[in-house]
Amino acid sequence: MTEKNPLADPRLAAFEEKISNDQRIEPKDWMPDAFRKNVLRQMSQHAHSEVIGMQPEGNWITRAPTLYRKIVLLAKIQDEGGHGLYLYSAAETLGTSREEMVQALHDGKAKYASIFNYPSLTWADIGMIGWLVDGAAIVNQVSLQRTSYGPYSRAMIRICKEESFHQRQGYEATMVLARGSAEQKAMAQDSLNRWWWPSMMMFGPHDSESAHSGQSMKWKLKRESNDVLRQRFVDQTVPQAEFIGLKIPDPDLKWNEERGSYDFGEIDWDEFMQVISGNGPCNRQRLQHSIRAQEDGQWVRDAMHAYELKRQAREVA
Amino acid sequence: MDSQKKALLNYCIALGDDSLTLGHRLSEWCRNGPFLEEDLALTNVSLDFIGRARMLYSYAAEVEDQGRGEDDIAYLRDCREYRNFLINELPNGDFAFTMARQLMIDAFDVGFYKGLTQSADEMLAAIAAKAIKESRYHLRRSEDWIKRLGDGTDESHERTQKAFDQLWGYAAEMFEMASDEQQLVDAGIAVDRSALKAEWSSTMHSVLKEATLDIPAQDWAIGGGREGIHTEHLGYLLAELQYLQRTYPGQQW
């Protein structure tokens, strides 16, 4: 297969034609191995992000300041876990099981969104994660609604609806703090100071530096570039911060009349590299937590399996 | 406040405390479950209990009519003022312990809330009408789990048997009436909990038998929750639950 001229393969030609006609590639369609690997990498990374993201938010469930906020937070985390399930199922259409994907995560071979390697230290971080992190995720995911792999595209359409709800809830929770006591306002500002740059990093390296971007754009897996999406996030978020009286921690941030967009400062790419290579503040904690939960649950899953076998045997008898 | 109104206030708070402490414990499972689907299911059950607590506290605040709200009741009372059954506040232990406790409570709740739907107090009857639907579903879930765990592997069987052995004596207080509860029963408002034991025992016997588990010896009983005498665990639960309200008093969140 690999020794043949790929252009001579009629299946590849059909695949390329679908892509160029903006048609979706479906699980039963033939696709190049590299395409399959690329989609699996993106989708499993996305699923892992949803599940690992339950940790920094879960850190505040038992300490939420009111019963209403507690319920909203629990329901939100439940939604994130649901997105994880949905994405794992969608990714399984590529022929890799959820167990294999989780194993790759635990072996350090699969990544998740680096933002979750930062700690959630105060209650304000919960609002901030909803407002900024879900806000940045939506910008990316709205764009991915038109991604070329059918199951991923449909997952994004569904997930975006819930995410925009979360983002509004996060913004509202932040607004309450920003308009609260001096201590609460300081808590919100401190949180924005800590989450702003990591949120900017969520869009990945500059287009010129991005390892996977070129091929992903060609295959229409990715529809808009990292820098375009990042600019969109800045443009939508800055007025929201101003409206509630919080200051974006970027001295270079200013409105550019000519471009009709905000200019902004440079991301600390050293920090970015540190965190994606496993050395952020919580990388080890997040992975250890996930591995521990997996190991602690082994006997439960074994029991379920054993019981199911016994039940089936009884039915046969 | 007349004595019946006071008793009703205590009653709503006690039921709210049962729901909140258990909902709190279940919420600790979020991101720690044995697999993702179960993680979400436990979170769902937790949400039911915390939602129930909110309804009961809100009604308590309305009965009291002193300007307190649900959060004042949840966040600004200390250990001795909490009135929940001790079994609700016990730390989660392993998954077997959590599900064994859940079965014991769900089996109780099904009988209790069924009775409370008949309350002469319309609000309590309405809260019970919602709660009974949830509890029936919870009970189906916990029955299924106990059967799987009891009749699963040797390890799961041992863990589950041990969980029931450690929990059994905490069941007694669920059937003991608090000092001011009888007058509410006489008024047709409250449920006579002492009358629920037979049905509860029968449910437990049939589920444990099918799960190949032994009914633990009934030779110990620890109670006191309805009088505000708790285990040492509750103080820590409240310290965590109430941390923000205590650190930044009087703020809106």
Side-chain angles (χ1 to χ4, degrees), chain A residues 47 50-71 73-75 77-82 84-85 88 98 102 122-123 127 173 176-177 179-181 183-184 187 289-290 292-294 296-311, chain B residues 20 23-41 43-44 46-47 50-51 53-54 57-58 69-71 73-75 94-96 99 144-145 147-157 159-160 211 237 239-245 247-248 250-253:
Chain A
E50 299 279 1
V51 176
I52 295 285
M54 295 166 78
Q55 290 184 40
E57 299 195 283
N59 187 37
W60 282 90
I61 293 169
T62 56
R63 295 179 295 167
T66 68
L67 295 181
Y68 168 72
R69 293 286 176 203
K70 190 188 291 288
I71 276 190
L73 178 59
L74 264 172
I77 297 171
Q78 195 185 30
D79 284 348
E80 310 293 7
L85 268 184
Y88 280 129
R98 194 208 307 184
V102 170
T122 68
W123 170 251
V176 168
L177 297 181
R179 294 180 174 170
S181 68
E183 277 173 316
Q184 286 175 309
M187 192 190 277
H289 183 121
S290 181
R292 197 226 352 107
Q294 171 91 356
D296 285 356
Q298 187 62 50
W299 71 268
V300 179
R301 298 190 300 275
D302 290 346
M304 271 173 73
H305 185 62
Y307 179 80
E308 187 54 27
L309 291 181
K310 287 185 197 176
R311 197 189 59 78
Chain B
L20 182 59
H24 182 101
R25 287 305 186 203
L26 288 168
S27 79
E28 293 174 347
W29 274 103
C30 183
R31 81 213 179 276
N32 292 303
F35 50 97
L36 192 47
E37 287 85 346
E38 181 56 26
D39 207 299
L40 304 185
T43 304
N44 228 14
S46 167
L47 277 166
I50 297 169
R54 290 185 70 197
Y57 289 154
S58 293
E70 59 177 43
D71 290 323
I73 296 176
Y75 287 86
D94 62 9
F95 187 73
M99 292 320 299
D144 284 349
W145 265 119
K147 287 175 199 166
R148 280 187 212 137
L149 298 179
D151 194 17
T153 61
D154 289 346
E155 180 180 4
S156 70
H157 178 90
R159 283 175 183 262
T160 311
L237 186 158
E240 213 171 316
L241 174 81
Q242 299 178 340
Y243 144 72
L244 274 168
Q245 291 274 358
T247 311
Y248 304 95
Q251 307 299 318
Q252 298 300 309
W253 299 92

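All chains are named by letter (A, B, ...) in the order of the sequence lines, taking the proteins before the strands, and each is independently numbered beginning at 1.
The shortest side-chain heavy-atom distance between Met54(A) and Asp39(B) falls under the 4.5 Å cut-off. Taking 4.5 Å as the limit, every side-chain heavy atom of Leu241(B) sits out of range of all side-chain heavy atoms of Arg63(A). At a threshold of 4.5 Å between non-hydrogen side-chain atoms, the residues Trp145(B) and Met304(A) count as touching. Using a 4.5 Å heavy-atom threshold, the side chains of Ser27(B) and Leu74(A) count as touching. By the 4.5 Å heavy-atom criterion applied to side chains, Phe35(B) and Val102(A) are not counted as neighbours. With contacts defined as side-chain heavy-atom distances shorter than 4.5 Å, the pair Arg31(B)/Ile77(A) does not qualify.
Looking at Asp151(B), both its backbone and its side chain come within 4.5 Å of chain A, counting heavy atoms on both sides. There is no contact between Arg311(A) and chain B, counting heavy-atom distances below 4.5 Å. Contact annotation for Arg179(A): neither backbone nor side-chain heavy atoms come within less than 4.5 Å of a heavy atom of chain B.
Here the straight-line distance linking atom CH2 of Trp123(A) with atom OH of Tyr243(B) works out to 11.5 Å at 0.5 Å rounding.
Contact count against chain B (heavy-atom pairs under 4.5 Å) is highest for Leu67(A) among Val176(A), Asp296(A), Leu67(A). When each of His305(A), Gln298(A), His289(A) is scored by its heavy-atom pairs under 4.5 Å with chain B, the top score falls to His289(A). When the candidates Thr66(A), Leu309(A), Ile61(A) are compared by the number of heavy-atom contacts under 4.5 Å with chain B, Thr66(A) comes out ahead. For the set Ala303(A), Pro65(A), Ser181(A), the count of heavy-atom pairs under 4.5 angstrom toward chain B peaks at Pro65(A). Across Ile71(A), Leu177(A), Thr122(A), the residue that shares the most heavy-atom pairs under 4.5 angstrom with chain B is Ile71(A).
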Lys147(B) vs Glu308(A), salt bridge (charged side-chain N to carboxylate O under 4.0 Å, His left out): CA-CA, chis, key distance, verdict
CA-CA 11 Å; Lys147(B) 287 175 199 166; Glu308(A) 187 54 27; over 6 Å; no

Derivation and outcome, side-chain hydrogen bond (donor to acceptor under 3.5 Å, both in side chains), residues Thr43(B) and Gln78(A):
CA-CA 7 Å; Thr43(B) 304; Gln78(A) 195 185 30; 5.4 Å; no

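Qualifying ring pair (Phe, Tyr, Trp, His ring centres under 6.0 Å) partners for Trp299(A), counting only residues two or more places apart in sequence or in other chains: none.
Taking the charged nitrogens against the carboxylate oxygens, Glu70(B) and Lys70(A) have no contact shorter than 4.0 Å, which rules out a salt bridge.
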